[in-house]
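First comes the structure, then the notes that go with it.
All residue numbers refer to positions in the sequence shown, counting from 1.
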Amino acid sequence: MTATDDNKYMARAIELSRKTSLEDSAGGAFGCVIVKDGKIIGEGANRVVAENDPTWHGEIEAIRKACKAEGSFKLEGATLYTSAEPCPMCMAATYWAGIKRVFYAAQIEDALEYGNFDDSFIYSELRKPVEDRSIEIKQIMRPEAVEVWKLYQQKADKVQY
């Protein structure tokens, strides 16, 4: 792809961010497109407010739609264009989807300055040992859960991912 193509796809992601935040008032100014083989295979926009769903980020919606369009939970060879640098959840989903490249427009600092979106707390929490995090995390019933994992390990028709 050329820089012109990259700019075209990013312009679409930015347009989605404008529509969802300014016209629809559905959430923050976050839009995303996923492209594979020169074709948009998924689009998404932030709808956290409209859907009362903290996970309804543009990247997550675009990944879901692209996977459905491709008939696969892997998007190998795909490129993600997002109007703002991905949050920890969206970046993790990008890795899980096997996306090859990410282009972003606004930086984390821009989202903080102009939208008061501050993920620094999450980044700092994830660096801490589990026992030092602000959310109480407690392990229980490990043997029972591991039994299911053992059965899953032996399942002949499981799909690896």
All pairs passing ring-ring contact (aromatic ring centres under 6.0 Å, His included) where residues 115-139 contributes a residue, at least two apart: Phe30-Phe117
Connected via hydrophobic side-chain network under 4.5 Å: Val102 and Tyr95: yes
Ring pair (Phe, Tyr, Trp, His ring centres under 6.0 Å) involving Tyr114 - partner list, sequence neighbours excluded: none
Working for side-chain contact (heavy atoms from CB on, under 4.5 Å), residues His57 and Cys87: CA-CA 9 Å; His57 291 199; Cys87 74; 3.4 Å; yes
Under 3.5 Å side-chain donor-acceptor pair for Glu125 and Ser134: yes
Test item: Pro88 and Asp119 side chains (from C-beta on) under 4.5 Å apart, heavy atoms: yes
Any donor-acceptor N/O pair, Thr82 side chain to Cys32 backbone, under 3.5 Å: no
Lys158 side-chain N/O to Tyr152 backbone N/O, donor-acceptor pair under 3.5 Å: yes
Note, Asp6 side chain near Arg101 side chain (heavy atom, < 4.5 Å): yes
Ile60 and Cys90, any side-chain heavy atoms less than 4.5 Å apart: yes
Side-chain donor or acceptor of Thr2 paired with backbone N/O of Asp5 under 3.5 Å: yes
Sub-4.5 Å side-chain heavy-atom contact between Leu151 and Glu147: no
Side chain to side chain, Val159 and Phe73, heavy atoms closer than 4.5 Å: yes
Lys74 atom NZ, over 12 foreign heavy atoms within 6.0 Å: yes
Pairwise side-chain contact, Tyr9 with Ile40, heavy-atom cut-off 4.5 Å (strictly under): yes
